[in-house]
Amino acid sequence: MFTYSFRWDIIPANFSFLMSGLQSTLVISGLTLVLALLGGLVIAVMDMSRFRPLRWLGLAIGEVIRNTPILVQLLWVYYVLPIVFGINLNAWTALIIGLSVYSSAFIAETYRSGIQAVPKGQLEAARVVGLSDVQTFSRIILPQAIRMTLPALAANFVQLIKYSSLGAVISVTEITRRGMELSSSTFRPLEIFTFVAVVYFCICWPLAMGIRLWERRLASK
């Protein structure tokens, strides 16, 4: 019969070690979100460009990124980019670049749906009052598109928190990696990874619930 002697005391004894990894997780997620928001906007603008080669390039970038596994992309950034360009990337930089590029492709679709939802009548009105295309986009279209897509953009932050755990594969010292290191030295994977899972849940679930309430409130207006 299977028997297992639980040792939950291993968690409080190493709490600060694990929490140092959580701090890295949140920093990585925050930096990645900022870069992905900017990158997604660039890809979305390319997707809707009147200049056909630029539009094709934007569509190709988005399709390639969205249809290949994020882990493969991360490993490609970490191992292949230094070979191709001769630039040695540390694990943190590779993780942030990899996650930012991946998330940018999905955020671009969110931006595009928001931009296309802006009534065309407002574009015509902007032209009538003499606004240029750049002014129309930055002052009329983009603010409304961002407002309509804010819940979806916030949901990307929840995804990034979970995706950051992939950094453990390339030895980024986020909370999952800390758990792996502690597990290998204490031989207590059940307790440690259960705790790590609970930490992720305690962060992501309230955020997800808050986003759902936010979406309902916006929909009721």
Side-chain angles (χ1 to χ4, degrees), residues 10-43 61-62 64-108 110 152-208 211:
I10 200 73
I11 302 302
N14 296 276
F15 187 77
S16 60
F17 178 77
L18 292 168
M19 288 300 99
S20 67
L22 178 60
Q23 181 180 1
S24 298
T25 293
L26 296 177
V27 170
I28 290 168
S29 302
L31 288 174
T32 301
L33 179 63
V34 173
L35 294 175
L37 290 173
L38 296 174
L41 181 59
V42 171
I43 296 175
I61 291 173
V64 169
I65 293 173
R66 286 190 294 269
N67 291 285
T68 52
I70 184 174
L71 180 56
V72 174
Q73 293 178 28
L74 178 59
L75 294 173
W76 199 93
V77 170
Y78 187 57
Y79 291 109
V80 179
L81 280 185
I83 297 174
V84 175
F85 296 102
I87 302 174
N88 292 319
L89 299 174
N90 60 46
W92 265 68
T93 303
L95 178 61
I96 291 173
I97 291 174
L99 292 181
S100 299
V101 170
Y102 184 79
S103 296
S104 293
F106 290 92
I107 289 177
T110 302
L153 295 176
N156 275 274
F157 181 60
V158 178
Q159 293 297 324
L160 284 172
I161 292 174
K162 292 184 285 186
Y163 284 147
S164 67
S165 62
L166 295 173
V169 177
I170 56 175
S171 301
V172 175
T173 54
E174 42 72 59
I175 188 169
T176 302
R177 182 67 187 185
R178 290 300 196 198
M180 292 171 64
E181 293 172 354
L182 187 59
S183 176
S184 65
S185 62
T186 61
F187 304 102
R188 289 287 166 178
L190 190 156
E191 294 90 339
I192 292 168
F193 289 117
T194 299
F195 174 76
V196 170
V198 169
V199 170
Y200 277 114
F201 179 82
C202 289
I203 295 172
C204 295
W205 186 77
L207 288 174
I211 292 168

To the nearest 0.5 Å, what is the distance between CD1 (I192) and OG1 (T186)?
-> 3.5 Å

Could you grab the distance from atom CG of L166 to atom CZ of R177, nearest 0.5 Å is fine?
-> 13.0 Å

Which atom names give the shortest non-hydrogen contact between L22 and V199, and what distance separates them?
-> CD1-CG1, 3.9 Å

Compare every heavy atom of L95 with every heavy atom of L74, then report the nearest pair and how far apart it is.
-> CD1-CA, 3.6 Å

Scanning both residues in full, the closest heavy-atom pair of A152 with T110 reads CB-CG2, 3.6 Å

Which atom names give the shortest non-hydrogen contact between L71 and V169, and what distance separates them?
-> CD1-CG2, 4.1 Å

Considering non-hydrogen atoms only, spot the tightest contact between I28 and S164 and give its length.
-> CG2-CB, 4.4 Å

Applying side-chain hydrogen bond (donor to acceptor under 3.5 Å, both in side chains), which residue pairs with at least one partner in residues 17-33 are found, sequence neighbours left out?
-> S20-R178

Name all pairs fulfilling the side-chain hydrogen bond (donor to acceptor under 3.5 Å, both in side chains) condition that reach into residues 88-103, sequence neighbours left out, sorted by first residue then second.
-> N90-T93

Are there more than 12 heavy atoms of other residues, nucleotides or ligands under 6.0 Å from atom CZ of F15?
-> no

Point-to-point distance, once rounded to the nearest 0.5 Å, from CD1 of I107 to CD of Q159 = 10.5 Å

With F187, which residues qualify under side-chain contact (heavy atoms from CB on, under 4.5 Å), at least two apart?
-> none

Working to the nearest 0.5 Å, report the span between CG of L31 and CD1 of I96.
-> 5.0 Å

Qualifying side-chain hydrogen bond (donor to acceptor under 3.5 Å, both in side chains) pairs with a residue from residues 193-203, counting only residues at least two apart or across chains = E174-Y200, T176-Y200

Listed once per pair and sorted, the side-chain hydrogen bond (donor to acceptor under 3.5 Å, both in side chains) pairs that draw on residues 73-86, sequence neighbours left out | T68-Q73

Nearest 0.5 Å, what's the CD1-CZ distance between I11 and F195?
-> 6.0 Å

side-chain contact (heavy atoms from CB on, under 4.5 Å) filter on L207, not counting sequence neighbours, yields F157, V158, I161, I203

Taking all heavy atoms of I170 and all of A94, pick out the closest pair and write down the distance.
-> CD1-CB, 4.3 Å

Distance col, row I43:CD1 vs I65:CD1, nearest 0.5 angstrom, shows 5.0 Å

